[in-house]
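Values reported hereafter were calculated over all heavy atoms of this structure, with side chains retained and with hydrogens, waters and symmetry mates removed.
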Amino acid sequence: MSTIPKLAGRLRSIDAVRGAAAIGVVLYHEIGFKPHSYGGTLSSSLLSPLWAVSSLGYVGVFLFFVISGFCIHLQVARRSLVEINPRANFKVFWKRRIKRLYPPYLCALVIYLAVAGFTTPFKVTALYLWDVLLHLLMLHNLDVRTTYSINGVFWTLAIEEQLYLTYFLLLFLRKRLGWVWTLLVCLGARVAWLLAALTVEHWAGIRIPIPEAALSHWFTWALGALAVEAALGIVVLPKWCSRTGVAIAATLVAIGLTQTLPLLQPNTLPHQGVWLLLHPVWGIAFFVVVNRLVIAESKWRSFAPAIVRVLAPIGLFSYSLYLTHELVIMEAYRFESLGLPESFVAVLIMTPLTLLFAWIFFLCCERPYLGSGHTGGIRSYLPTVSVASYFPVPVPTSSPLSHEPEAE
């Protein structure tokens, strides 16, 4: 597999796939999980291809996990090019993570709690306080009562935080065992979590979230860390790891598993077997895509494909888009009550509004906590999209590649 000796500047391909993943998740929450019929001529013409694509938008979550592993491991991987035994400082690592993720998250959490308080009747009960506490600690994905409570997408951010804890174990395993055995351990952790959760439910009657657990996605996240080492030339992967045909084949298999899973009886061996395969196969597909794009970027020089130039700016504020898009989507009923087709509302009204609101949130609640490397990349993207003139942002000049992880 070809490698890239230097990763100077921002990787536009990584920003672009992050933007694509974010848009996919938004479309999924707008229309993808609603298989009912739509009315109206425009809706009928758009529905079949639009729903087919948006119904798979949730897999953007797995793409985000691959990208997150790529970005988190980047710093240590780059240091390994000049240091014999680079180590991640636990205190410094978490100080950066908290500064990067928590302020925007807390802003969004307060907004959601305020909106819920003003729009729906509620009582401050023990469960409510427990719910808020778990969200503050980002542990809400470990209790089925709180996993999807305040904002249905925040569970993936809790997974991100918990995967950061596993990073130091991943480094240890990678050093002692190598990547093949490390990935097998990550897959084993997925199986072990499933068995442990089923055992606890059977013997104690306590339900433990399974798909929403960090260990269920450790393998996918680790693939991203492997991808960045391949990009830097630290490891040499087999050629199939960057071939488009393999990505397409893995995607088709993953789609087949996705369509098969609902047809199987829950809590049966076939159902659990398909579920165990499903997310890792999506992870492998996106792992190959990331490898392919990073290699392709070395040939772009100063001119990237148009789709990359459109999606890359969205990728830069995709964390804000992730945090806020549900808040905007909740207002869709105001347009649908006017009799407008739902697909029309989703594509031509709600999606632009989610992007606009996310950009404003980014300026106010996320950008102040970013390092100069991340914000510096925005300047190079703004002139490439038509909306740039409406959102001028003075930012520092760009520094070497400094991608930060984004949640889906």
Q: Please step through side-chain contact (heavy atoms from CB on, under 4.5 Å) for the pair L353 and F357, ending with a clear verdict.
A: CA-CA 6 Å; L353 286 180; F357 188 81; over 6 Å; no
Polar side-chain atom of [X] near backbone of [Y] as donor-acceptor pair, under 3.5 Å:
| X | Y | value |
| --- | --- | --- |
| E297 | S13 | yes |
| S68 | F65 | no |
| T125 | Y128 | yes |
| Y102 | L136 | yes |
| E326 | G152 | no |
| N141 | A158 | no |
| S216 | I210 | yes |
| T251 | A247 | yes |

Q: Could you check L169, L183, L223, L187 and say which one makes a side chain to side chain contact (heavy atoms under 4.5 Å, CB included) with W218?
A: L169
Atom pair [atom1]/[atom2] of [X] and [Y] - distance to nearest 0.5 Å:
| X | Y | atom1 | atom2 | value |
| --- | --- | --- | --- | --- |
| I150 | L113 | CD1 | CG | 4.5 Å |
| S318 | L311 | OG | CG | 11.0 Å |
| H73 | I234 | NE2 | CD1 | 6.0 Å |
| L278 | L261 | CG | CG | 6.5 Å |
| T182 | L171 | OG1 | CG | 9.5 Å |
| L63 | T220 | CG | OG1 | 10.5 Å |

Could you check if a side-chain atom of [X] sits within less than 4.5 angstrom of a side-chain atom of [Y], using non-hydrogen atoms only?
| X | Y | value |
| --- | --- | --- |
| L323 | L157 | yes |
| V26 | V328 | no |
| V153 | H325 | yes |
| L134 | L142 | no |
| P209 | W155 | no |
| V290 | I14 | yes |
| L226 | L237 | yes |
| Y164 | W221 | yes |

So, for [X] and [Y], which heavy atoms are closest and what is the spacing to 0.1 Å?
| X | Y | value |
| --- | --- | --- |
| S320 | T324 | O-OG1, 2.8 Å |
| Q272 | N267 | NE2-CA, 3.6 Å |
| P104 | F361 | O-CZ, 3.3 Å |
| Q265 | H271 | O-CB, 3.2 Å |
| P211 | I159 | O-CD1, 4.3 Å |
| W193 | L215 | CE3-CD1, 3.9 Å |

Q. Can you check side-chain contact (heavy atoms from CB on, under 4.5 Å) on T354 and H29, steps first, answer last?
A. CA-CA 12 Å; T354 58; H29 289 148; over 6 Å; no
Q) Relative to the ring of H279, is the ring of H217 parallel (under 30°), tilted (30 to 60°) or perpendicular (over 60°)? A) parallel
Q) Which word best sums up how the rings of F362 and F317 line up, parallel for under 30°, tilted for 30 to 60°, or perpendicular for over 60°? A) tilted
**Q.** Check ion pair D15-R18 (N to O, under 4.0 angstrom)
**A.** yes
Q: Ignoring hydrogens and angles, state whether a donor on the side chain of T147 or E212 is under 3.5 Å from an acceptor on the partner side chain.
A: no
Q. So, Y105 versus H135: side-chain donor-acceptor pair below 3.5 Å or not?
A. no
Q. Where do R145 and D131 land on the side-chain contact (heavy atoms from CB on, under 4.5 Å) test, with the steps shown first?
A. CA-CA 8 Å; R145 299 171 299 174; D131 191 0; over 6 Å; no
Q. Are the aromatic rings of F62 and F286 close, with centres under 6.0 Å apart?
A. no
Q.
Checking L257 against W282 for the side-chain contact (heavy atoms from CB on, under 4.5 Å) test, could you report, in this order, the C-alpha distance in whole Å, the side-chain angles of both residues, the deciding distance, and whether it holds?
A. CA-CA 10 Å; L257 294 172; W282 277 118; over 6 Å; no
Q) Heavy-atom count around R79 CZ within 6.0 Å, excluding the residue itself: above 12? A) yes
Q: For W94, look at atom CH2 and say whether over 12 heavy atoms of other residues, nucleotides or ligands are found less than 6.0 Å away.
A: yes
Q: Answer yes or no for R190 and W275: cation-pi contact, defined as NZ/CZ to six-membered ring centre under 6.0 Å and angle to ring axis within 45°.
A: yes
